[in-house]
K.L.:
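Right, I'll just put the structure down here and ask away after.
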Amino acid sequence: MTGDSGHAPAPPPVGEGPFVSREEFDALFAAVRTWGRWAAADRGAWNRVTPEHVRRAAALVRSGTVVPMARPWDTAPGPDNSKPALHFMSDLGDVEPPEPATHKDFIAIDYHGKAVSHLDALSHVAYRGQLYDGRAARECVDAGGARFGAVSALGPLATRGVLLDLPTALGVAWLEPGRAVHAEELVAAEQALGVTVGEGDAVLLRFGGPRRREERGAWDTGAASAGLHVDVMPLLAERGIALLGGDGDSDVRPSPVDGVHSPVHALAVAAMGVPLLDNLDLEALSAASAGTGRYTFLLLVAPLNIPGGTGSPVSPVAVL
């Protein structure tokens with residue numbers, strides 16, 4: 001079929017499909033849901049991480065190399081930063097008594113977006129009016145913040161991190177915007193990198209967006225970005241992961257799901273109780289992992305203790 005112009009419609013970006021109906025998505029949501037599993041429900045999948053998980057993760061440390069993964073505090077507006085961070089000086093040594101002179105600054109951020117490295121807590125995402133564990137969003141979140149699933153309920157996390165470096169596994173510099181990664185590709189990446197995702201792991205996905213931005217310039221990542229197709233989520237649910245993150249926000253855009261703009265967010269956070277790490281910079285970790293041939297490490301995530309917060313800016317580190 002052709003449009004009014006007489007030309008065939010443009011095909012979707014490579015890898016974006018297959019497209020998923022709302023009915024198919026709802027069935028998938030029900031299939032991966034873990035509601036009612038944990039007494040401390042607002043910690044969700046972080047309940048999977050036991051002291052034994054932490055001890056095993058700590059045993060992965062060999063060189064003691066610490067690799068940061070947070071992007072710089074970005075105060076410059078751009079197509080991928082519509083709400084820039086604020087940073088200004090509030091004391092230049094001229095406010096308090098003269099000795100010792102002190103210098104102070106002020107920072108503020110609307111961090112849920114495409115520019116700031118941050119953690120999504122379980123109160124951040126509702127699907128069909130429900131947060132994780134079937135809690136009614138309107139009863140749990142209001143102008144005062146979240147009374148269920150707040151970031152303060154999560155606390156810090158130490159567990160085994162697994163880097164699935166997709167460009168490295170596929171032999172490319174980066175995945176182009178709009179490219180969806182499917183379940184079989186994640187399994188192939190595990191095999192190529194010599195890792196297997198297991199229970200209590202934090203899975204970090206490198207799509208290569210920061211490198212593409214550095215070489216090609218900024219673009220509207222809300223309109224087009226590489227990410228996961230929803231067919232990956234049953235695999236991650238079966239593996240029992242505790243945390244999912246990446247150098248985008250894990251969702252492929254445009255979304256392949258009818259009427260759902262962030263389906264991986266809905267499945268991970270609202271169905272599976274898996275917090276998300278968004279907008280990391282995994283380039284240094286990619287290089288370090290390639291240099292050692294090891295794609296597992298001790299991961300440390302320490303969100304700010306914000307009562308009622310739906311998430312937090314965060315600066316996670318990998319210790320190799």
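Sequential numbering from 1 along the given sequence is applied to the chain's residues. The analysis underlying the following values was restricted to heavy atoms, covering all of them including side chains, and did not include hydrogens, waters or symmetry mates.
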K.L.:
Could you tell me whether the side chain of His53 and the main chain of Arg48 form a donor-acceptor pair under 3.5 Å?
P.N.:
yes

K.L.:
Picking from Leu282, Leu205, Val181, what satisfies side chain to side chain contact (heavy atoms under 4.5 Å, CB included) with Leu164?
P.N.:
Leu205

K.L.:
Applying a strict under-4.5 Å side-chain criterion to I, L, V, M, F, W and Y, I'd like to know whether Val257 and Val32 cluster together.
P.N.:
yes

K.L.:
Side-chain heavy atoms under 4.5 angstrom apart, residues restricted to Ile, Leu, Val, Met, Phe, Trp, Tyr: same cluster for Leu157 and Trp38?
P.N.:
yes

K.L.:
Do Leu299 and Leu243 come within less than 4.5 Å of each other through their side chains, counting heavy atoms only?
P.N.:
yes

K.L.:
With the threshold set at 4.0 Å, does a side-chain nitrogen-carboxylate oxygen contact exist between Asp142 and Arg147?
P.N.:
yes

K.L.:
Hey, is the main chain of Gly149 close enough, under 3.5 Å, to the side chain of Arg135 for a donor-acceptor pair?
P.N.:
no

K.L.:
Are side-chain heavy atoms of Asp133 and Asp42 found at a separation under 4.5 Å?
P.N.:
no

K.L.:
His87 and side-chain hydrogen bond (donor to acceptor under 3.5 Å, both in side chains): which partner among Asp105, Asp74, Thr75?
P.N.:
Asp105

K.L.:
Do the side chain of Trp35 and the main chain of Ala270 share a donor and acceptor less than 3.5 angstrom apart?
P.N.:
yes

K.L.:
With distance as the sole test, does Arg37 use its side chain to make a donor-acceptor pair with the main-chain N or O of Met272 at under 3.5 Å?
P.N.:
no

K.L.:
Glu52 vs Arg55, test: salt bridge (Lys or Arg N to Asp or Glu O under 4.0 Å). Steps then yes/no.
P.N.:
CA-CA 5 Å; Glu52 180 57 29; Arg55 285 192 290 270; 2.9 Å; yes

K.L.:
Would you confirm whether Asp165, through its side chain, and Arg206, through its main-chain N or O, come within 3.5 Å as a donor-acceptor pair?
P.N.:
no

K.L.:
Are Arg62 and Arg294 side-chain neighbours, meaning at least one heavy-atom pair lies under 4.5 Å?
P.N.:
yes

K.L.:
Taking the side chain as every heavy atom from C-beta outward, state whether Val66 and Leu300 have any atom pair closer than 4.5 Å.
P.N.:
no

K.L.:
Do Tyr111 and Val314 make a side-chain contact, defined as non-hydrogen atoms from C-beta onward lying under 4.5 Å apart?
P.N.:
no

K.L.:
Whether the Arg56 and Thr159 side chains hold a donor-acceptor pair (N or O, under 3.5 Å, no angle test) is what I'd like checked.
P.N.:
no

K.L.:
Tell me whether Met69 is reachable from Leu154 by hopping between hydrophobic residues (I, L, V, M, F, W, Y) whose side-chain heavy atoms are closer than 4.5 Å.
P.N.:
yes

K.L.:
Go through Thr34 and Tyr132 one step at a time and tell me if the side chain to side chain contact (heavy atoms under 4.5 Å, CB included) criterion holds.
P.N.:
CA-CA 8 Å; Thr34 61; Tyr132 178 70; 2.8 Å; yes

K.L.:
Taking the side chain as every heavy atom from C-beta outward, state whether Thr221 and Arg253 have any atom pair closer than 4.5 Å.
P.N.:
no

K.L.:
Evaluate side chain to side chain contact (heavy atoms under 4.5 Å, CB included) for Val151 paired with Leu304, printing each intermediate quantity in order.
P.N.:
CA-CA 8 Å; Val151 71; Leu304 298 176; over 6 Å; no

K.L.:
Please check if the side chain of Arg212 supplies one atom and the backbone of Trp174 the other of a donor-acceptor pair under 3.5 Å.
P.N.:
no

K.L.:
Check whether any side-chain heavy atom of Leu236 lies under 4.5 Å from a side-chain heavy atom of Leu186, and answer yes or no.
P.N.:
yes

K.L.:
Let's go through Leu276 and Val269 carefully: what are the C-alpha distance in whole Å and the side-chain angles of both, what is the deciding distance for side chain to side chain contact (heavy atoms under 4.5 Å, CB included) to 0.1 Å, and is it a yes or a no?
P.N.:
CA-CA 7 Å; Leu276 294 176; Val269 179; 3.9 Å; yes

K.L.:
Check whether any side-chain heavy atom of Phe297 lies under 4.5 Å from a side-chain heavy atom of Leu204, and answer yes or no.
P.N.:
yes

K.L.:
Counting only N and O atoms by type, is there a donor-acceptor contact under 3.5 Å from the side chain of Asp278 to the main-chain atoms of His118?
P.N.:
no

K.L.:
Under the side chain to side chain contact (heavy atoms under 4.5 Å, CB included) criterion, do Asp231 and Leu28 qualify, and how do the steps go?
P.N.:
CA-CA 9 Å; Asp231 66 16; Leu28 178 57; over 6 Å; no

K.L.:
Please tell me whether His265 and Asp251 have a donor and an acceptor in their side chains that are separated by less than 3.5 angstrom.
P.N.:
yes

K.L.:
Kindly say whether Arg213 contributes a backbone atom to a donor-acceptor pair with the side chain of Trp219 at under 3.5 angstrom?
P.N.:
no

K.L.:
Do any N or O atoms from the side chain of Ser117 and from the backbone of Asn279 form a donor-acceptor pair under 3.5 angstrom?
P.N.:
yes

K.L.:
Would you call the rings of His182 and His229 parallel, tilted or perpendicular if under 30° counts as parallel and over 60° as perpendicular?
P.N.:
tilted

K.L.:
Counting only N and O atoms by type, is there a donor-acceptor contact under 3.5 Å from the side chain of Asp201 to the main-chain atoms of Ile241?
P.N.:
no

